[in-house]
Amino acid sequence: MIYFDWSELARGTEEIIPEAQVFDQFEAAAKGGEALTVKAGFDPTAPDLHLGHTVLLNKLRAFQDMGHTVVFLIGDFTGRIGDPTGKSATRKALSADEVAANAATYEAQIYKVLDAERTRVVFNTRWLDALSTSEVVRLAASHTVARMLERDDFDKRYRRGQAIAIHEFLYPLFQGYDSVALAADLEVGGSDQKFNLLVGRTLQQAYGQTPQGVLTMPLLEGLDGVEKMSKSLGNHIGIDEPPDEQFGKIMSISDTLMWRYYDLVSSQPVATVDQYRREVTEGANPRDYKLGLAEEVVARYHNKRASQAARQRFHERFAEHRFETDMEPTYIHVDREGLPIAALLNQAGLTKSNSEGMRLIKQGAVHVDDHRITDSRIVFSPSRELLVRVGKKRIARVVLTAGAI
RNA sequence: GGAGGGAUAGCCAAGCGGUCAACGGCAGCAGACUGUAAAUCUGCCGGCUCAGCCUUCGGGGGUUCGAAUCCUCCUCCCUCCA
């Protein structure tokens, strides 16, 4: 059963190109009862999915719910080139085994969002490896350098006098060819992919197909609220992370960023989110809505029970300032001279260097058994277990021993 | 083949002989406050036996009382001309 829901289809999108065509296409599909092919490409590396990826996955899921088929393309060929969008240069080719392993990891994760019944996973080496040189030339002939330079990042780099390697021009062409090989009706991607997706249209036309529709989603900002979410920047929330981590990280995003997350990662209906927005504008505490969002995310990637427990622990920790203290103690050997506090912190793994410890002591961040340490020269001798804390998040149990370890 | 530009702490980016452990922005950390790990304000943000000392500005060598700053060689990156 295929149905058509334009508001859900268009929800949160950056652009739909060309809007009228896509509208007609999906409306007609619903009438004719014929499922359309929705394509989205993914990198063969980085199999750790995070909330940023789910923006796209959520959209794909929406199409599945409407009855269409999603082609989950793993770009094992294009991955060797490396999309020039970032700074990445040519990547080294992954072995077939590595690709298979990464793909397995994908499959283990994507079905937390996608419907396995309506998902087809494909690899683009299948047709790109088979492409003859003359076919590559034909592809290359389909676009001019000027056209390539329309792409924003190419244009910028060119103007700034930064290098652009020839093979980087091939990337969009190959990605576009994927759409030809799949006879895609619609391609969904991040807004940074716009140019590549449009190349797909042009190529399909050149190969006598109906050009695919293009739908772009905004890039989700990471925890810092500035850079886009990515594992390498360390500002991500992984869907496999433990409940407490996920919960805490969502609570740490700014009030402003929260709305972005509501739009792009929450599955609350648009009307509900608008309602929340109004309530906050009228004076409701944004914290409560952030708690709700955190709970939704944890429930989705773990379960309801875990999300409630995470919420409870969050409350204990930050509202009541009770700390999680049931970790394994660290044993540290102390010799005759005793152990200076800064060294203690360092060896307990709470600080990166003694200097950092010294600074934190000066800032009043260090507590031992709930007493603030103000004297950086204090020295510890062997003792029973101590509870050592730096700031609100770093905490350790420490046992100072006299004998050899 | 020729000409030129560049390499600075997690990132971006100043500095062009001393006052530089190195302006500024972002990210990070801490304290205060609070409505949360939000917002705001303040401090920190190489290392150490920490009010003092030590090692840093692509790498080596040199000039100088003194260099991130000048010279030289090397490595890497980029642009332009052919």
Side-chain angles (χ1 to χ4, degrees), chain A residues 84 86-90 154 156-165 168 221-237 241 243-262 276 279-295 297-298 310-324 335-347 349-367 372-380 388-395:
Chain A
K87 301 154 203 160
S88 55
T90 307
F154 281 151
K156 275 196 200 123
R157 286 164 63 189
Y158 186 69
R159 281 176 201 280
R160 282 199 208 144
Q162 292 172 337
I164 300 169
E168 298 189 67
E221 292 82 0
L223 297 173
D224 51 76
V226 180
E227 305 286 349
K228 71 169 183 177
M229 183 177 286
S230 84
K231 196 167 55 163
S232 53
L233 290 172
N235 62 356
H236 66 299
I237 303 176
E241 282 181 47
D244 286 0
E245 281 297 299
Q246 290 183 339
F247 201 96
K249 283 183 175 181
I250 299 232
M251 290 308 290
S252 80
I253 65 175
S254 72
D255 291 352
T256 324
L257 192 60
M258 168 174 80
W259 297 117
R260 247 342 236 173
Y261 281 47
Y262 258 115
Y276 289 168
E279 287 168 15
V280 170
T281 311
E282 284 160 13
N285 187 346
R287 178 200 53 185
D288 299 327
Y289 296 84
K290 212 180 287 174
L291 285 166
L293 180 68
E295 220 176 299
V297 169
V298 177
R311 179 174 181 152
Q312 179 60 30
R313 273 192 296 274
F314 183 84
H315 183 76
E316 283 170 8
R317 202 161 160 201
F318 297 104
E320 297 172 19
H321 299 290
R322 293 213 309 254
F323 301 99
E324 199 76 45
D335 60 24
R336 248 170 231 173
E337 284 85 56
L339 189 66
I341 176 70
L344 168 67
L345 295 172
N346 194 203
Q347 288 182 39
L350 297 172
T351 54
K352 286 202 237 11
S353 66
N354 288 8
S355 298
E356 187 191 357
M358 298 296 275
R359 275 185 239 113
L360 288 163
I361 292 161
K362 283 178 193 147
Q363 296 185 69
V366 177
H367 297 255
R372 178 175 286 182
I373 302 293
T374 49
D375 181 2
S376 60
R377 284 164 305 188
I378 189 169
V379 171
F380 288 82
V388 185
R389 180 164 65 82
V390 175
K392 294 190 183 72
K393 282 170 266 180
R394 288 175 261 178
I395 192 156

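Bear in mind the structure is a predicted one, so any value in this text is a computation, not a measurement. Below, all heavy atoms of this structure are taken into account, side chains as well, without hydrogens, waters or symmetry copies. Lettering of chains follows the sequences in order, A, B, ..., and the numbering in each one begins at 1.
Taking the six-membered ring where tryptophan is involved, the planes of Tyr289(A) and Trp259(A) are tilted, since the angle between them lies from 30° to 60°.
Residue Asn285(A) is classed as a base contact, given a heavy-atom separation below 4.0 Å to a base. Within the nucleic acid shown, Gly248(A) comes within 4.0 Å of at least one base atom, counting heavy atoms only. Using a 4.0 Å heavy-atom criterion, one finds that Arg372(A) contacts the sugar-phosphate atoms exclusively. Ser355(A) comes within contact range of at least one nucleobase, with a heavy-atom separation under 4.0 Å. When heavy atoms are screened at a 4.0 angstrom cut-off, Ile253(A) is found touching the sugar-phosphate backbone but no base atom.
Going from atom NZ of Lys352(A) over to atom C1' of rC44(B) covers 12 Å, rounded to whole Å. Here rA38(B) presents its P atom at 22 Å from OH of Tyr276(A), a figure rounded to the nearest Å. Whole-Å rounding puts the Arg389(A) CZ to rA37(B) P distance at 13 Å. Between the CD atom of Glu227(A) and the C1' atom of rG10(B) there is a distance of 11 Å, given to the nearest Å. Atom NZ in Lys362(A) sits roughly 7 Å away from atom P in rA51(B) (whole-Å rounding). Distance CG (Asn235(A)) to P (rC29(B)): 12 Å, rounded to an integer number of Å. Rounded to whole Å, the distance from CG on Leu345(A) to C1' on rC29(B) is 14 Å. One interatomic measurement links the two molecules: NZ of Lys392(A) to C1' of rA32(B), which rounds to 9 Å at whole-angstrom precision.
Of the side-chain N and O atoms in Ser353(A), one or more sit less than 4.0 angstrom from OP1 or OP2 of rG47(B). Taking only side-chain nitrogens and oxygens, Arg287(A) never comes nearer than 4.0 Å to OP1 or OP2 of rG35(B). Side-chain N/O atoms of Arg359(A) include none lying less than 4.0 angstrom from OP1 or OP2 on rG43(B). Note on Ser376(A): every side-chain N or O is 4.0 Å or more away from OP1 and OP2 of rC50(B).
Comparing Gly364(A) and Ala342(A), the nucleotide of RNA chain B nearest to each residue sits closer to the 5' end for Gly364(A). Projected onto RNA chain B by closest heavy-atom contact, Asp224(A) and Ala365(A) fall at different nucleotides, the more 5' of which corresponds to Asp224(A).
Judged by distance alone, with hydrogens and angles left aside, Gln363(A) brings no side-chain donor or acceptor close enough to the base of rG31(B) to form a pair under 3.5 Å.
As rounded to the nearest Å, rG15(B) and rA7(B) have C1' atoms that lie 15 Å from one another. Comparing the P positions of rU40(B) and rA51(B) gives a spacing of 35 Å, expressed to the nearest Å. A gap of 34 Å separates the C1' atoms of rC80(B) and rG10(B), to the nearest Å. A distance of about 12 Å separates the C1' atoms of rA37(B) and rC29(B), rounded to the whole Å. Using C1' as the reference atom, rC41(B) and rA9(B) are 27 Å apart when rounded to the nearest Å. Of the C1' atoms belonging to rC76(B) and rG31(B), the separation is 44 Å, rounded to the nearest Å. If you take atom P in rA21(B) and the same atom in rU69(B), they sit 15 Å apart, rounded to whole Å. Nucleotides rC65(B) and rC48(B) place their C1' atoms 28 Å apart, quoted to the nearest Å.
Checking rC53(B) for Watson-Crick or G-U wobble geometry (two distances, each under 3.5 Å) identifies rG47(B) as its partner. Pairing for rU79(B) goes to rA3(B), judged as Watson-Crick or G-U wobble with the two contacts each under 3.5 Å. When both distances must be under 3.5 Å, the Watson-Crick or G-U wobble mate of rA30(B) is rU42(B).
Checking Leu339(A), Ile341(A), Thr351(A) one by one against Asn346(A), the side-chain contact (heavy atoms from CB on, under 4.5 Å) holds for a single residue, Thr351(A). When the options Val390(A), Val366(A), Leu344(A), Ile395(A) are evaluated for a side-chain contact (heavy atoms from CB on, under 4.5 Å) with Leu350(A), the one that passes is Val390(A).
Of the possible polar contacts, one joining the Tyr261(A) side chain to the Glu221(A) backbone as a donor-acceptor pair under 3.5 Å is found. Remark: side-chain polar atoms of Lys249(A) are paired, donor with acceptor, to backbone N or O of His236(A) under 3.5 angstrom.
Residues Arg311(A) and Leu291(A) have side chains in contact (heavy-atom distance under 4.5 Å, counting atoms from C-beta outward). Between Asp288(A) and Glu279(A) the shortest side-chain heavy-atom distance does not fall below 4.5 Å.
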